[in-house]
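Encoded as C-alpha cells, the structure appears first; notes follow it.
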Amino acid sequence: MLETTLQNYSYVLAFLGVGFLFALIPLVLAVFITPRGLGLNKLVSYESGIVPEGGAWIQFEVSYYLYALIFLAFDVDVLYMFPTLLAYGTFAWRDFLELTLFVGILSLAIAYAWKKGVFEW
Amino acid sequence: MSEFTRYLGRIASGAASLVSGMEVTIRYMFKPVVTVRYPRLRLDIPEGFRGPVELVTDPETGDHNCSACGTCARVCPSGVISVQGGKKKAAGQDGEGAKAPEDPFVITDSFIIDFSRCSLCGLCVESCPRKALRFSHMYEQCGTSRQVAVVDLVARQKALAAVGCEPAASRPGPQQQAAA
Amino acid sequence: MTPQAMLDPTHTLSEDTFYLNMGPQHPSTHGVLRLLLRLSGERILECDPVLGYSHRGQEHIAQNKTYLQFLPYPGRMDYLSALMFNHAHCLAVEKAAGIAVPERAEYIRVICAELNRISSHLLWLGAYLMDLGAFTPFLYCFDDREDIMDLLLPVTGSRLTYCYSRFGGVAKDIDETFVTGLRAFIKKLRGRLKDYDKLVNKNVIFINRTRDVGVISADMARAYGLTGPCLRGSGVAYDVRRAEPYSVYPEFAFEIPVRSGGDCLDRYMVRFLEMEQSLRIIEQALDRLPQGPVAPAKPVRVVKVPAGDYHCVYESARGQVGIYLVSDGGKNPYRMKWRVPSFSNLSVLPKLLVNTLVADTIAILGSVDVVMPEIDR
Amino acid sequence: MSIVDDTLGALGQALGEQAVAAAERPSAGYHLQAQVPAQELEAVAAMLTQKGFFLEFVTAVDRAQDLELVYMFSQWDPACRVKLWLSVPKGQPVPSLARLIPAADWHEREAFDMLGQVFSGHPDPRRILLPEDADFHPLLRDFQAAPGPAEA
Amino acid sequence: MQGLMQSAAASLSPTVWTMVLGLVLSLGFVQVNALFLVWLERKVAAHIQLRIGPDEVGPFGLLQTLMDGLKLFVKELITPKPASWFLFVISPVLVFAPVLVPFVVLPFGQWLQVSDMPEGMLLIFAFASMTVFAILLGGWSSNNKYALLGAIRSVAQNVAYEIPLLLSAMSVVLMARSMSFQDIVGAQQGVWFVFYQPVAAIIYLIGATAETNRAPFDIPEAESELVAGFHTEYSGMRFALFFLAEYTNMFIVASVATALFFGGWRGPFADGPWWFLLKVYVLIFVVMWVRWTFPRLRFDQLMVFAWKYMIPVALANLLLTALVLKLVA
C-alpha cells in the first residue's frame with residue numbers, strides 16, 4: 001500500500017518537474033533568439049497609452065478579501081466531507097443525519113454572510 | 001414560500017433565455033459564410049464607386065478633354081488639384097497663316113492631384129464643364145510616403161497610351177476581376 | 001477632490017488612491033476618449049474625461065471654405081452617420097439661402113438618412129455587445145451593415161464618409177436596383193431583428209448588466225442638455241423629426257420609441273426599436289417616391305447667404321445636431337457653430353459614473369453612444 | 001397662451017420690451033431672441049430653466065472689438081427656441097452658468113478654448129479640446145493656422 | 001525505513017518505464033491538443049459568426065496555430081521597468097508546471113492511464129487550483145493596474161467557483177463510493193451519472209467554465225474592460241505559456257467532466273479512448289459555443305451567482321443524493 005502510494009507520488013513529482021522544465025526551456029531558448037531592447041518606451045507599464053500615475057502596488061479594497069475569508073472557511077470544511085462521503089452507507093441513518101447536520105451548519109455560514117450583505121457591492 | 005418560488009423561477013427563466021440565445025448561434029453556425037476571400041476573390045465594383053479621379057479618354061481622339069480651365073481646382077475643398085496649361089497653337093501651324101480654329105486648341109501641360117488630401121466628395125467631377133473628369137475604380141491604394149499619392153494624370157495617361165494600355169484599364173470589368 | 005487637483009503634478013498620491021487611465025488607447029473607449037478614473041477597488045469615486053485627441057478644427061475650416069467646399073467635412077465629424085451630417089449641412093445652407101429642393105430629392109435624402117441611421121445603430125449595437133463581452137452579435141451587425149453599404153455604394157459612391165447631398169438636391173438619382181435591393185434588405189433585417197431579440201434582448205446576462213445601471217432621470221437629462229436616444233430612454237418623447245419637422249418627415253407615420261427608466265437597457269431598447277421605425281419610414285418613402293428631378297437644373301455652386309444668423313436643427317443617430325450659422329453676406333460662413341449631440345451627451349458621464357464599477361463604466365459609456373471625432377470636431 | 005408668447009412676455013418683463021424680439025422662425029431657426037446684459041444673464045437663465053428650457057449650446061462670435069456670446073435655450077414640446085445674446089469686449093469675463101445649468105459647463109469651456117471668453121466663477125476653467133498648454137484661441141478671426149505637413 | 005527504501009528501489013524499474021512513456025505521451029498530447037483546440041476555437045467562432053476562420057496554412061488551416069506559436073516564440077520578451085523582475089518571469093512557468101500533473105490520473109481508457117490513484121479526483125482539483133497562484137503572481141508582479149485588477153478578480157472568482165465544483169463532484173463520489181477514476185467510470189457501466197445527477201453535471205460545467213476563465217466568466221481578462229487582464233504585460237513566449245496552460249486546463253476540466261458524468265471511455269460498440277476523446281471534445285465544443293454566444297457577467301454578479309445560486313443548489317443536490325441513496329439502499 002505504502003509502496004504504491006510512493007510510486008504514485010513519484011509520478012506526480014516527475015510530472016510536476018517535467019512540466020516546470022518544459023515551460024522553462026522555451027523561455028530560456030527564447031532569450032537567445034528574440035530581439036531585445038528596441039525602444040525604451042516599451043518598458044513603461046501599459047496604461048492606455050498614458051504614462052501611469054503611480055504604481056499598482058497599493059492598498060486594495062477590502063471586499064475581495066471578504067470573499068477570500070468566506071472561501072477559506074468554506075472550502076476547508078467542504079474538504080472534510082470527502083472522507084465522509086467515501087464511508088457513506090456503512091451506517092443506517094446515522095451518517096445521513098450527520099451529513100445533514102454538517103451541511104446545515106455550513107449553509108448557516110452562507111445564510112449569515114448573505115444576510116450581512118457580503119454579496120452586495 | 002413565494003420567495004422560494006421566485007428564486008426557482010429566476011433560475012428557470014434565466015436558463016431559458018440562455019438556451020434560446022444558444023439556439024440562435026448554432027443556427028447561424030450552419031449558415032453559409034459571408035466572407036469573401038479577398039484577394040483570391042474580388043467583388044464587382046459598382047458603376048457609381050468613387051475612386052481617385054482620372055481623366056476621361058475620348059474614344060475618338062484617344063486623348064483627354066481637359067481644357068485646363070481650372071474650375072475643378074477652384075471648387076476643390078482641399079486643394080487637391082493643380083492644373084497647368086492654356087490655349088496654344090496647333091503644332092505645324094504658323095502664327096499668322098493659320099486661322100484660329102473654332103474650338104481653340106488647348107494643351108493641358110499637367111493635371112496633378114494629391115490623393116492623400118482628397119475626400120472623394122465629387123465636386124470636381126460635377127463641376128467640370130467638359131465632363132473630362134470621372135472617378136476611377138481603383139481601390140487598392142497604399143504607399144510609403146505622401147509623395148506616392150501625388151500623380152500627374154496627363155503624364156500617366158500618356159504613359160499608359162504609350163504601352164498600349166486600354167483607356168479603361170483603371171476600371172476592370174467583372175471578367176478581368178474573376179481572372180485576377 | 002476636484003478634477004484640477006487630480007491633474008496637479010505637485011499633488012502627492014496617498015497610499016491608497018488608485019488612478020486608472022482608461023483610454024485613449026483602450027479597446028472600448030470608442031475612439032480616443034481618455035477617462036481619468038479614481039478608484040477604490042473597482043468602484044469609481046471620480047471620473048474626469050479628457051477630450052480633444054481628434055480635434056481637427058472643423059469650425060475653423062468652415063470659416064475658410066465656401067459653403068460648397070465645406071460640404072465633405074461634416075461627414076467626417078460623425079463618420080457613422082455621415083449622410084445625416086451631410087444632409088444637415090445642406091439643410092442649414094438651403095434654409096439660410098432660400099434654395100428650393102425637388103421633392104424626389106427630399107425623399108431620397110430621407111431614405112438614405114434613415115438607412116444611415118440604421119447602419120449607425122447597428123454598429124452601435126454590435127460595439128455595445130462587444131463592450132459587454134459578446135463578440136458574436138458584433139459580426140452579425142456588421143453583416144447587416146454590409147448590406148446597407150452595398151446598397152448605398154452605387155448611389156453615393158462611398159461606404160462610410162458619404163458626401164451625397166448637394167445644395168438643392170442630391171448628387172445622383174437612385175434606380176430600380178436600389179429600390180428592389182432595399183425592399184429585400186428591409187425584409188431580411190426584420191428577420192435579423194428577431195434573432196437579436198432572442199440572442200440579446202432577452203438574455204439574462206445582458207439584462208443584468210444593463211438594468212438599473214447608469215440611470216439618467218428626465219430632469220438630469222434636461223439639465224445636461226441630452227438629446228436623442230439618451231433623452232428618449234429617460235422618458236422624454238423628444239425627436240426633432242417630430243418636434244420641428246424638416247425635409248419630408250411630416251408625411252410619414254412613425255412612432256418615437258420612449259422608455260421611462262433611463263438606464264442602459266432603456267437606451268438600448270430605444271435604439272433597437274428605432275431601427276424598426278426607420279424601416280417603416282423607408283417603406284413609406286419607397287411607396288410614395290415621386291418622379292422628377294433630383295437636383296436643380298443649374299447646379300448651385302455659389303451660395304449667397306444674406307447677412308444674419310441662422311439656426312438649423314437635425315435629428316442624427318445620436319441626437320439633435322444644431323448648426324448655428326452666422327453670415328456676413330460673403331462667400332464663406334462668418335462663423336459656423338456645430339452643436340453636436342455627443343458633446344452634450346458625454347458631459348453627463350462624470351456624474352453618472354460616480355459609485356459604479358469599472359465594468360459599468362464600459363456599459364454606461366457604450367450606452368451613451370458617443371463618436372469622438374464628433375465631440376472633438 | 002402659447003409657450004412662445006408666454007416666454008416673450010416673461011423675457012420682456014425681465015429685460016424690457018425693446019431688448020426682446022420674435023424671430024422669423026422658418027429661416028432663423030429660433031422663435032425669440034433677446035439681448036441680455038451680463039449682470040442679468042444668470043437671472044434670465046434661471047427663469048428659463050424654471051420654465052423647462054434646456055441649454056442647447058453656448059458659443060461666441062468674433063466681432064472685431066467685441067465677442068458676441070450666444071446662448072441657445074430650447075423647449076422640447078411644444079418647440080420653442082430662445083436665443084440670448086450679449087456683446088462683451090474681448091477679455092472681459094462673463095458670469096458662468098455652469099453651477100446653475102450643468103450643460104453650460106463643457107460648452108463654456110469650449111467657448112473659452114476656441115474664442116478666449118472667460119467665464120467668471122466657472123468650477124473647472126480648463127481648456128477642453130485643445131492641449132492644456134495651447135496659447136491661442138483658433139476661432140478668433142485673426143488666428144492663422146500653421147501649415148500642415150502636406151503644405152510644409 | 002531501510003525496508004521501505006528497498007521496496008521503493010525494487011518497484012523502480014516498471015515505474016520508470018511507465019513514467020517515461022506517460023511523460024512523453026502527455027507532453028506530446030498537451031502540444032497537439034493545444035494546437036488543435038486553438039484551431040477548433042477559431043473555426044467554431046468563425047462559423048458561428050458567418051466567417052471562414054483560419055484556412056490558409058495547412059489543410060483547413062490546421063497549421064495556423066503552429067505558425068502563430070512559432071511567431072510568438074521569436075517575439076521580444078518585454079519586462080516592464082516597474083515590474084518585479086523575478087516573479088514576473090517565473091509566473092508563466094508556474095502557470096504551466098502544474099497542468100501536466102493531472103495527466104497522471106486522467107483515464108483515457110481502461111488501460112490508458114499512467115496510474116489510477118485512489119485519490120485521483122482530489123489530486124486534479126488540487127493541482128487545477130494552483131493555476132490561480134501563478135495568475136495572481138503574474139498580475140501583481142506586472143505592476144500594471146489592469147493586470148492587478150485582473151489578477152484579483154481571477155483569485156476571487158476561482159475560489160468562489162471551486163466550491164460548487166467540489167460539491168458537484170461530491171455527488172458523484174457519493175454514488176461511486178470512490179475517488180479513483182477507474183472506479184467512477186466503472187460505476188457508470190449501465191447509465192451515465194449525468195442522468196442521475198443532471199443538476200450536478202450542469203453545476204460542474206458552469207463551475208469548470210469559470211475555473212478556466214472562459215466567457216461568460218472571463219472577467220480576469222475581460223478585454224473590453226481590463227485590456228488583457230492579468231497578462232496585459234506579457235509578450236512572446238511568456239504569453240504563449242499562459243495561453244497553452246489555459247487550453248490544457250480546458251481539456252483537463254472537460255476530461256474530468258467526461259469521467260464523472262459522461263461515462264468516461266465507455267460507449268456503444270467498443271469501449272476505448274476514442275469515446276473518451278470524442279466526449280471531451282464535444283464538451284469543449286459546447287463550452288466554446290457558450291463563449292461565442294453570451295455577454296460577460298459583471299464581477300459582483302459573478303460572485304453573487306456563485307454564492308447565491310450555485311452553492312446552495314449544489315448543497316441541496318448533495319443532500320438529496322444522500323437521502324435518495326439511503327432510501328433505495
For chain C, find its close neighbours in residues 11-18 of chain B: heavy-atom separation under 4.5 Å, sorted by number, or none. B:G14, B:S17, B:L18

Under a 3.5 Å distance rule, please check whether C:K198 uses its side chain to pair with a backbone N or O of B:S20 as donor and acceptor. no

Between chain B and each of C:T66, C:T156, C:T161, C:V155, count heavy-atom pairs under 4.5 Å; write down the option with the most. C:T156

Could you list which of residues 125-146 of chain C have a heavy atom closer than 4.5 Å to any heavy atom of chain B, in residue-number order? C:T136, C:Y140, C:D143

Is it the case that more than 12 heavy atoms not belonging to B:K31 sit under 6.0 Å from its NZ atom? yes

Mind ranking B:L123, B:T25, B:V34, B:L120 by heavy-atom pairs under 4.5 Å with chain C and telling me who comes out on top? B:L123

Flag the pair C:P299 / B:E126 as yes when at least one side-chain heavy-atom distance between them is below 4.5 Å, and no otherwise. no

How far does CZ of B:F49 sit from CZ of C:R159, to the nearest 0.5 angstrom? 8.5 Å

Contact residues of residues 67-77 of chain C (partner chain B; heavy-atom separation under 4.5 angstrom): C:L68, C:Q69, C:L71, C:P72, C:Y73, C:R76

What's the separation between atom CE in B:M22 and atom CG in C:N203, rounded to the nearest 0.5 Å? 11.0 Å

Region of B:V75 that comes under 4.5 Å of a non-hydrogen atom in chain C: both

Region of B:P77 that comes under 4.5 Å of a non-hydrogen atom in chain C: both

Looking at B:R37, I want to see if its CZ is surrounded by more than 12 non-hydrogen atoms of other residues, nucleotides or ligands under 6.0 Å. no

With a 4.5 angstrom heavy-atom cut-off, is it the side chain or the backbone of B:R10 that approaches chain C, or both, or neither? neither

Does C:D147 have any side chain to side chain donor-acceptor pair (under 3.5 Å) partners at least two apart in sequence or in another chain, and if so, which? C:K188

